[in-house]
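Before any comments, here is the structure.
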Amino acid sequence: MSKALRANPAIARVWAYRERVEHEAADQFTRLAEGLSAVGSDAKITALARRSALDEKRHAILCSTLAREFDPEVEFDCPQLGVSLGPRHWSVADQTLYAAVALCCVTETLSSALLIEMHGLSTHPLVRQTVHSILQDEITHSRIGWAHLAEQAQRTNVRWICEHLPSMVAEAMGGELPLVKGGVDDLSAYGVLPRSKAHTIMVRAVREVVLPGLASFGITMLPGR
Ligand SMILES: [Fe+2]
Ligand SMILES: [Fe+2]
């Protein structure tokens, strides 16, 4: 790798942004674990959510290491912690189901799809190692949501999630896309996919994984959405 490419603030910014997102995910999983425990979810699912919070903290460290690799002077954003997924006036059970679907079934599934592509294209050794390590965990994190949804679908009607599906998907897709502005080189070798490719991968993951998975529980995208 050339010296010029080694110091690359644009790549560093993306990894610094991801560091913030990982901290926020850790915060969300901590809250999700509390919700799962409160609603009497399977102890294994709850334990997995708790462990996921620790995974996300580890991911944040990996991302910050990479950000500094590309720019030792890179600045990190302050994560937004304590943000509830879904309206606060909902019951704990509804908030927990909403968070499990939004965070795990949708966001972690899209994240896994992007990471699979990144892993296939990355050539920088530390990027490749980091992407591989994070990918292993994100696939497990997505399963927490599917497991909780399956559990809840046996107890109650979960179809009310339908009307929230568009905003969940939009929120999940909006996270990664603003990172790469147009007119830059393809930085896939460093874990930064072109914006259009990232969009295509996420749309495919929604169509082929998220929507069919949710449809098996009667949760479908409402017509026109
Ligand atoms: Fe993560
Ligand atoms: Fe995750």
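Basis for what follows: all heavy atoms, side chains included, without hydrogens, waters or symmetry-related copies. Everything quoted here is computed from the prediction, not taken from an experiment. When a ligand or atom number is given, it counts from 1 through the structure's own listing order.
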Would Arg18 and Glu22 satisfy salt bridge (Lys or Arg N to Asp or Glu O under 4.0 Å), going step by step from the backbone distance to the final call?
CA-CA 6 Å; Arg18 288 177 181 155; Glu22 297 288 4; over 6 Å; no

For the ring pair Phe76 and His23, is the centre-to-centre distance below 6.0 Å?
no

Can you name the N, O or S atom of His59 that is closest to the Fe ion (ligand 1)?
ND1

At a threshold of 2.8 Å, where the distance has to be below it, does the Fe ion (ligand 2) have an N, O or S atom of His141 nearby?
yes

Have His59 and Glu56 got a donor and an acceptor in their side chains that come within less than 3.5 Å?
yes

Check Glu108 and report its N/O/S atom nearest to the Fe ion (ligand 2), by atom name.
OE2

Per residue Glu138, nearest N, O or S atom to the Fe ion (ligand 1) is named OE2

Among the N, O or S atoms of Glu56, which one sits nearest to the Fe ion (ligand 1)?
OE1

Check ion pair Asp186-Lys197 (N to O, under 4.0 angstrom):
no

Which of the N/O/S atoms in Glu22 sits closest to the Fe ion (ligand 1)?
OE1

Check: Trp90 ring centroid to His164 ring centroid under 6.0 Å:
yes

